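Reading through the structure tokens given below for one structure.
All values below come from the heavy atoms of this structure, side chains included, with hydrogens, waters and symmetry mates left out. No experiment lies behind these values; they were computed from the predicted model shown.
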Amino acid sequence: MISKRNQRAAWLGAGFIFAVLWASASTATKIGLTSAQPLVMAVTRFAIAAAIMLLVSHVWARHRLPSGKEWRQLIIYGLLNITIYLGCYVIAMQTITAGIGALAVATNPVFISFLSVFFLKKKLSVATILSIMVCAAGVLCAAWPLFSNALVTTSGLMILFFSMVSYSVAAVYFSSREWSGLHLFTINGWQTLFGGLLLLPVALFYYNEQFNHYDRTFWYAVGWLAIPVSIFAVQLWLWLLKKDAVRAGLWLFLCPLFGFAIAAWWMKDKISVYTIAGVVLVIGGLLLSKIDAPKSEIVFD
């Protein structure tokens with residue numbers, strides 16, 4: 001039997017590591033963009049992550065293959081969760097700071113709550129509406145002083161928000177499907193593979209050799225996004241959800257804080273009064289959304 005003290009330590013350790021890894025994705029993306037086109041980096045990341053997850057799932061753990069309608073569901077889920085969401089996200093990060101990217105990602109649970117009203121027939125509450133307004137105001141507040149020096153552009157911010165909506169639709173879609181006990185590691189591996197394959201033709205169409213340098217910076221960034229973020233952070237999130245879905249959501253509140261801290265340390269992003277106010281607003285919006293958050297298992301980066 002594991003003692004309560006050890007259980008608490010495991011919970012705190014897993015939650016802290018998850019929040020740091022999750023928040024680090026935007027900074028790793030910005031670093032990788034200095035060496036390669038966004039979609040080239042994204043497709044490479046998905047190929048590495050999918051290969052590892054599918055090998056572990058089917059060769060090492062011997063989990064069953066998807067069957068029947070599960071293949072169609074995996075393709076649709078991969079399209080929404082990988083091709084559109086992460087494809088648009090990495091494009092937006094060209095004209096968005098790492099801190100703003102991390103802050104926007106933290107608003108995902110709020111959008112999920114709102115879309116659950118339409119797709120999962122959840123009740124639309126005042127708290128959900130207010131949380132969306134407060135979170136959106138927070139992101140805009142943090143980004144406001146960055147518009148003047150082109151560190152953030154309006155088009156980049158719009159693409160970023162569109163990617164958040166696609167992620168939320170994907171999460172609701174995942175929760176509304178029947179997976180017949182298909183292992184979560186298997187689902188994550190196949191949806192990442194399909195999403196990357198659907199993004200590949202677009203990446204090839206816009207490929208320009210002179211903008212891609214497969215140097216250490218590229219491989220460090222892609223490797224970090226593929227393994228610590230796409231695999232380990234997701235598995236920690238699933239473990240936290242399994243232990244306590246309500247308390248697990250509280251770790252998302254730390255993501256904006258860690259996101260800006262990592263961006264300030266590594267990318268030298270400036271933290272201003274607007275930044276602090278934006279983070280406070282987003283955390284406030286997340287707290288409002290917890291009042292009536294849908295009880296569904298939302299997973300994957």
* **ILVMFWY network linking Ile52 to Leu21, side-chain heavy atoms under 4.5 angstrom** => yes
* For Tyr207, does the OH atom sit with more than 12 other heavy atoms under 6.0 Å from it, leaving out its own atoms? -> yes
* With the 4.5 Å side-chain cut-off for hydrophobic clustering, are Leu204 and Leu198 part of the same group? -> yes
* Asked: Judged by atom type as modelled, is there a donor-acceptor pair below 3.5 Å linking the side chain of Gln94 to the main-chain atoms of Ile91?
  -> yes
* Any donor and acceptor pair, going by atom type alone, linking the side chain of Ser230 with main-chain N or O of Ile227 inside 3.5 Å? -> no
* Asked: Can Val152 be reached from Met158 by stepping across I, L, V, M, F, W or Y side chains whose heavy atoms are under 4.5 Å apart?
  -> no
* Mind checking whether Trp237 and Phe18 have parallel, tilted or perpendicular rings, split at 30° and 60°? -> parallel
* **Arg45 and Val90: CA distance, side-chain angles, deciding distance, side chain to side chain contact (heavy atoms under 4.5 Å, CB included) verdict** => CA-CA 11 Å; Arg45 168 193 177 180; Val90 74; over 6 Å; no
* To do: To the nearest 0.5 angstrom, please state how far the CG atom of Leu65 sits from the CD atom of Glu70.
  => 10.0 Å
* **His183 side-chain N/O to Phe185 backbone N/O, donor-acceptor pair under 3.5 Å** => yes
* From CG (Asn188) to CG (Leu193), nearest 0.5 Å -> 11.5 Å
* Once you round to the nearest 0.5 Å, how far does CG of Leu281 lie from CG of Leu286? -> 11.0 Å
* **Residue pair Leu157 / Phe161, side-chain heavy-atom distance below 4.5 Å** => yes
* **Minimum side-chain heavy-atom gap Asp269-Phe260 below 4.5 Å** => no
* Side chain of Thr107, backbone of Ala104: donor and acceptor closer than 3.5 Å? -> yes
* Mind telling me whether Trp219 and Tyr214 have parallel, tilted or perpendicular rings, with 30° and 60° as the class edges? => tilted
* How are the rings of Trp251 and Trp11 set to each other: parallel, tilted or perpendicular (split at 30° and 60°)? -> tilted
* Should the pair Tyr85 and Tyr89 be assigned to parallel (<30°), tilted (30 to 60°) or perpendicular (>60°) ring geometry? -> tilted
* To do: Check whether more than 12 heavy atoms from other residues, nucleotides or ligands sit under 6.0 Å from atom OH of Tyr274, and answer yes or no.
  => no
* To do: Output yes when a side-chain donor or acceptor of Thr27 lies under 3.5 Å from a complementary backbone atom of Ser24, and no otherwise.
  => no
* To do: Look at the side chain of Gln37 and the backbone N and O of Tyr206, then say whether any donor-acceptor pair between them is shorter than 3.5 Å.
  => yes
* Asked: Do Leu54 and Trp190 have side-chain heavy atoms sitting under 4.5 Å apart?
  -> yes
* Backbone N/O of Val172 and side chain of Ser176: donor-acceptor pair under 3.5 Å -> yes
* **Donor-acceptor contact present, side-chain Ser166 to main-chain Leu80, <3.5 Å** => yes
* Answer yes or no: does atom CZ of Phe162 have more than 12 heavy-atom neighbours from other residues, nucleotides or ligands under 6.0 Å? => no
* Asked: Are Leu160 and Met267 connected, step by step, through hydrophobic side chains (Ile, Leu, Val, Met, Phe, Trp, Tyr) whose heavy atoms are closer than 4.5 Å?
  -> no
* Asked: Do Val234 and Trp22 come within less than 4.5 Å of each other through their side chains, counting heavy atoms only?
  -> yes
* More than 12 heavy atoms from other groups under 6.0 Å of CH2 on Trp71 -> yes
* Heavy-atom donor-acceptor pair, Lys30 side chain to Gly99 backbone, under 3.5 Å -> no
* Any chance you could measure Leu74, atom CG, to Arg177, atom CZ, to the nearest 0.5 Å? => 12.0 Å
* **Side-chain touch Ile48/Leu225, heavy atoms, less than 4.5 angstrom** => no
* **Test item: Trp179 side-chain N/O and Phe174 main-chain N/O as donor-acceptor pair under 3.5 Å** => yes
